[in-house]
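Numbers restart at 1 for each chain; the letters A, B, ... are given by sequence-line order, proteins then strands.
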2 protein chains.
Amino acid sequence: MSDDLDLTPLRREVLDMIKASARPIKAYELLGLLSRRRGRVARAPTIYRTLDYLTRCGLIHRIESLNAYQACAHAPACPEHVFLICDDCGEVSEIESMDARIALEIASTARQFRAEQVSIEVHGACRACGTETPARAKKP
Amino acid sequence: MSDDLDLTPLRREVLDMIKASARPIKAYELLGLLSRRRGRVARAPTIYRTLDYLTRCGLIHRIESLNAYQACAHAPACPEHVFLICDDCGEVSEIESMDARIALEIASTARQFRAEQVSIEVHGACRACGTETPARAKKP
DNA sequence: TCGCACGTGTTATATTATAACATCACAAGC
DNA sequence: GCTTGTGATGTTATAATATAACACGTGCGA
Ligand SMILES: [Zn+2]
Ligand SMILES: [Zn+2]
Ligand SMILES: [Zn+2]
Ligand SMILES: [Zn+2]
């Protein structure tokens with residue numbers, strides 16, 4: 001395991017595609033984009049290996065409840081991140097909550113559980129979607 | 001949408017299988033168990049619909065990072081749950097952390113995000129696995 | 001030069017999940 | 001009784017997500 005980045009052309013290309021996406025992006029979407037960019041089909045292992053690498057480096061995060069990936073909003077080290085996921089418009093914002101992290105650290109330690117990786121995903125309605133109508137009226 | 005439970009035989013059978021499992025259990029594992037119990041194959045939609053129902057009722061939880069399901073440890077209403085997931089032995093314990101929940105509520109509200117469903121999954125090493133050896137030595 | 005580590009390509013397949021439609025049982029209303 | 005609607009379950013097919021296993025090439029140090 002090395003500490004420094006090895007951003008090969010493939011990894012950089014995939015990272016750029018993820019950064020360019022306004023929403024979390026899925027593995028097979030990236031695969032399609034990559035195939036088109038390069039003029040030949042890219043296969044699943046190519047993209048999954050790259051996503052693994054970028055995730056391990058902390059450059060992107062996987063959003064478990066969406067099976068999708070998003071560039072980290074807070075640089076290469078980001079231990080306190082929380083995703084606010086709007087189920088209406090699909091927007092996901094990454095915030096930091098030191099308080100939540102501390103609470104979890106305390107709760108884990110109390111049970112002698114050594115926390116290594118924390119995933120916090122909050123589903124709901126973002127500001128724009130939540131205020132569309134006072135009391136929950138969706139177009140059918 | 002009704003408030004009270006409709007635990008049909010299928011739903012009860014699946015719920016019992018989940019409760020009987022010492023670990024989170026996967027949809028296709030349940031499908032296999034169910035097929036054997038009933039002496040004929042059960043198909044995927046049967047189990048997924050049942051899991052949806054039980055999840056919506058709060059009787060079970062889905063663990064997103066494992067694609068697996070576990071019975072709720074805290075009765076039919078459980079808004080503050082956190083999963084401590086041991087990556088060594090696979091044990092998952094469900095705890096409650098009001099503090100984490102409050103921290104997230106505050107952080108969400110500050111961004112005018114209306115939180116509806118929160119998923120907190122902490123991966124790491126449980127007490128038993130974390131103390132096996134002082135500094136991380138796994139059998140190869 | 002040789003062997004190794006590692007990134008990538010390729011083939012095949014495993015795992016997870018849903019769409020769409022058929023059937024059945026039960027209950028409300030006639 | 002019959003009709004009709006509703007919700008649960010069964011069935012068929014397929015979509016979406018992910019990994020195993022092996023091949024190939026390049027660079028690098030022994
Ligand atoms: Zn981040
Ligand atoms: Zn929104
Ligand atoms: Zn619970
Ligand atoms: Zn353990």
Side-chain angles (χ1 to χ4, degrees), chain A residues 1-18 21 23-57 59-70 87 90 119 121, chain B residues 1-18 21 23-57 59-70 87 90 119 121:
Chain A
M1 183 196 296
S2 83
D3 259 8
D4 43 21
L5 292 190
D6 180 8
L7 276 187
T8 63
L10 172 64
R11 290 168 178 167
R12 173 161 294 292
E13 196 167 10
V14 172
L15 178 58
D16 286 347
M17 290 189 300
I18 296 170
S21 170
R23 298 277 179 274
I25 190 165
K26 295 181 160 251
Y28 275 77
E29 289 179 314
L30 286 166
L31 207 45
L33 289 177
L34 186 60
S35 298
R36 247 172 294 145
R37 277 199 191 205
R38 309 211 291 190
R40 64 180 199 279
V41 288
R43 310 307 176 119
T46 296
I47 210 74
Y48 282 105
R49 281 190 294 232
T50 306
L51 290 170
D52 280 353
Y53 178 82
L54 296 172
T55 301
R56 275 188 283 108
C57 294
L59 294 173
I60 65 174
H61 299 297
R62 174 178 162 84
I63 302 174
E64 297 290 349
S65 57
L66 300 178
N67 295 338
Y69 301 82
Q70 184 160 292
D87 293 322
S119 157
E121 303 181 4
Chain B
M1 183 194 297
S2 84
D3 259 7
D4 42 20
L5 292 189
D6 180 9
L7 275 188
T8 63
L10 173 64
R11 290 168 179 167
R12 173 160 294 290
E13 196 168 11
V14 172
L15 178 58
D16 286 346
M17 291 190 298
I18 297 170
S21 171
R23 296 278 178 276
I25 190 165
K26 295 182 160 252
Y28 275 76
E29 290 179 314
L30 287 166
L31 207 45
L33 288 177
L34 187 60
S35 298
R36 246 172 295 145
R37 278 201 190 204
R38 309 211 291 191
R40 65 180 198 279
V41 289
R43 309 308 177 117
T46 297
I47 209 73
Y48 281 105
R49 281 191 293 232
T50 306
L51 290 170
D52 280 352
Y53 179 82
L54 296 172
T55 301
R56 275 187 283 108
C57 295
L59 294 173
I60 65 173
H61 299 298
R62 174 177 163 83
I63 301 174
E64 297 289 350
S65 56
L66 300 178
N67 294 338
Y69 301 82
Q70 184 160 292
D87 293 321
S119 157
E121 302 181 5

Contacts under 3.5 angstrom, residues 7-17 of chain B side chains, donor-acceptor by atom type, not counting sequence neighbours:
unit_1, atom_1, unit_2, atom_2, d
B:T8, OG1, B:R11, N, 3.3
B:R11, NH1, B:D6, O, 2.9

Item to check | Residues in side-chain hydrogen bond (donor to acceptor under 3.5 Å, both in side chains) contact with A:S21, at least two apart in sequence or another chain | outcome: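 Counting only residues at least two positions away or on another chain, A:S21 forms no side-chain hydrogen bond (donor to acceptor under 3.5 Å, both in side chains).
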Rounded distance (Å) that lies between atom [atom2] of [N] and atom [atom1] of [X]:
{"X": "A:E29", "N": "D:dA18", "atom1": "CD", "atom2": "P", "result": "12 Å"}
{"X": "B:L7", "N": "D:dT9", "atom1": "CG", "atom2": "C1'", "result": "15 Å"}
{"X": "A:L30", "N": "D:dA18", "atom1": "CG", "atom2": "P", "result": "12 Å"}

Next on the checklist: So if I define the base as every atom that isn't primed, P, OP1 or OP2, how would nucleotides 4-17 of chain C read as a B/S/- string at a heavy-atom cutoff under 4.0 Å?
Outcome noted: ---SBBBB----BB
Item to check | Shortest non-hydrogen separation from A:S35 to A:A42 and the atoms involved | outcome: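 In terms of heavy atoms, the two residues are closest at OG-N, 2.9 Å.
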Item to check | Taking every non-hydrogen atom, the tightest pair across B:A44 and B:Y28 | outcome: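 Answer, listing the atom of B:A44 first, then B:Y28: CB-OH, 3.5 Å.
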Next on the checklist: Within the 3.5 Å criterion, strictly below it, is a donor on B:E64 or B:S119 matched to an acceptor on the partner's side chain?
Outcome noted: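 On atom types as modelled, these side chains do not qualify, holding no pair under 3.5 Å.
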